[in-house]
Number of protein chains: 2
Amino acid sequence: MAEKDTKERILDAAEELFAEFGFAHTSMRKITSTAGVNLAAVNYHFGSKEELIKAVFTRRLMPINAERLRRLAEVEAGEPTLEALLEAFIAPHLEMKEAGGNDRFVCLIGRSYTDHAPLLNEHVRALNKDVVARFKAAFSAQLPHLPRRELSIRLHFLVGTVAYTMAGPEMIHLLRGVRISEGDNAKALVERLVPFLAAGLRAPLPEQLPEFVVSRAS
Amino acid sequence: MAEKDTKERILDAAEELFAEFGFAHTSMRKITSTAGVNLAAVNYHFGSKEELIKAVFTRRLMPINAERLRRLAEVEAGEPTLEALLEAFIAPHLEMKEAGGNDRFVCLIGRSYTDHAPLLNEHVRALNKDVVARFKAAFSAQLPHLPRRELSIRLHFLVGTVAYTMAGPEMIHLLRGVRISEGDNAKALVERLVPFLAAGLRAPLPEQLPEFVVSRAS
DNA sequence: GTCTATAGAATGATAGAC
DNA sequence: GTCTATCATTCTATAGAC
């Protein structure tokens, strides 16, 4: 068939509009009119706007995470380095072309972390859970001196760097209208992120490090 | 007067609700009922919801940026180090207590960077413009080997790390209901961020670094 | 599966009395 | 400056014909 089916056209339109305007400011009407389908089609195929949002992420994150695990296995088959692990962890998001993805979705991935949308945050967290656990163990093996708790905090910093880079307006300007195939901006970004993050992860811990306090206020 | 005036009560309520639920999911009705003022008061005092959002940020960012510049001058009066500059740049956000701030606002600052809200992004960018320029020059002096363009990219990574850390749900859990005065979580965070970021900024550049391509697609 | 029509609720903003 | 009442819009979601 020359035409994609309705479900996929909705996903494509929603992905593009969410990336450009955010979830709250993208209405079902805008999605369906952009997709060239009927307003009622979203609820018929997905049930609700919330479920549509989740479906947009599920479609892209499944192959991306498969690719991340594939690369992790590849790295671990040889002599793993911190840099190689970082690249395996980060690059599949930015090189989504190979996974059948869409440039715009890169912004959306970042936003799924940074936007305040508890249900979506949880959905994405669940989709990534296994991958994160596997990589955390691999990072830990490369940084044996680092207490597990401090590693968690530094990985949190890492996710922030990557998420913001992918979600931010500068990223949009870099990727919008640029053919990744001719100018490999994803690679340019990865090769700047990896040394920055590797150095941060390797940084020596301060001798005196105050603990976080989680007691409730009176 | 024992009661704060209406304008300030609205700002307080809006700040808290925006931090918890985001801008789009916080209605004027929720703000005014939380503040204990009339629905029409927001439009009377601020003109629109958009202007209220800007006002929430202006109130906190002005003293924070003054404090950042004060600390920068203090650091530059002696022998500046990268670590000292980073602390001057970051800490005022997290230690807002001294500037008369509110714990919740820390999340909001992060969100002002990560949320998709072009008008707000621009407003905050304008408020921070001078401070960013001053610090950028100071960082550059500490990293003379780093090309200006690469420094810009790394500072972008830095902002991402800090913004995400401040905006993310983990941060909320760390700061909510915790008295900063008794358990200094802001300090605990700063002392983890600074070594991580300093190492990242100092990381050697790869020998071959692909350039970004900004040509338009056909 | 696709469409029209609409229900039902919430929103930002304002007019006008006090 | 504060209030009530309300306008005009927009939204998600659904019922029911085809």
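All heavy atoms count here, side chains included; hydrogens, waters and symmetry mates do not. Chain naming here is simple, since letters A, B, ... match the order of the sequence lines and numbering starts at 1 in each.
- Spacing between atom NE2 of His25(B) and atom C1' of dC11(D) amounts to 12 Å, rounded to whole angstrom units.
- Between Phe57(B) and Phe23(B), the two ring planes are tilted [angle within 30° to 60°].
- A donor-acceptor contact shorter than 3.5 Å is absent between the side chain of Asp115(A) and the backbone of Ala117(A).
- Taking the six-membered ring wherever Trp is involved, the centroid distance between the rings of His156(B) and Tyr164(A) falls below 6.0 Å.
- The distance between atom CD1 of Ile10(A) and atom P of dT2(C), rounded to the nearest whole Å, is 8 Å.
- The CG atom of Asn38(A) sits 13 Å away from the C1' atom of dG16(D) (whole-angstrom rounding).
- With rounding to whole Å, Ile31(B) atom CD1 is found 8 Å from dG12(C) atom P.
- Between the NE2 atom of His45(B) and the P atom of dC3(D) there is a distance of 10 Å, rounded to whole Å.
- Across dT2(D), dA13(D), dG1(C), the shortest atom-to-atom separation from the side chain of Thr6(B) is found for dT2(D).
- Phe46(A) has its CZ atom 15 Å from the P atom of dT14(D), to the nearest Å.
- Of all nucleotides listed (dA15(C), dG1(D), dC11(D)), dA15(C) comes nearest to the side chain of Ala40(B).
- When the nearest nucleotides of DNA chain C are assigned to Asn43(B) and Leu39(A) by heavy-atom distance, the more 5′-ward of the two goes with Leu39(A).
- In this structure, the side chains of Arg60(A) and Val56(A) stay at 4.5 Å or more apart for every pair of heavy atoms.
- Per the geometry, CE belonging to Met28(B) stands 6 Å off P belonging to dG12(C), to the nearest Å.
- Between Lys7(B) and Arg29(B), the residue anchored nearer the 5' end of DNA chain D, judged by the nucleotide with its closest heavy atom, is Lys7(B).
- Counting to the nearest Å, the C1' atom of dC11(D) and the CG atom of Leu52(A) are 15 Å from each other.
- The side chain of Ser27(A) places an N or O atom within less than 4.0 Å of a non-bridging phosphate oxygen (OP1 or OP2) of dC11(D).
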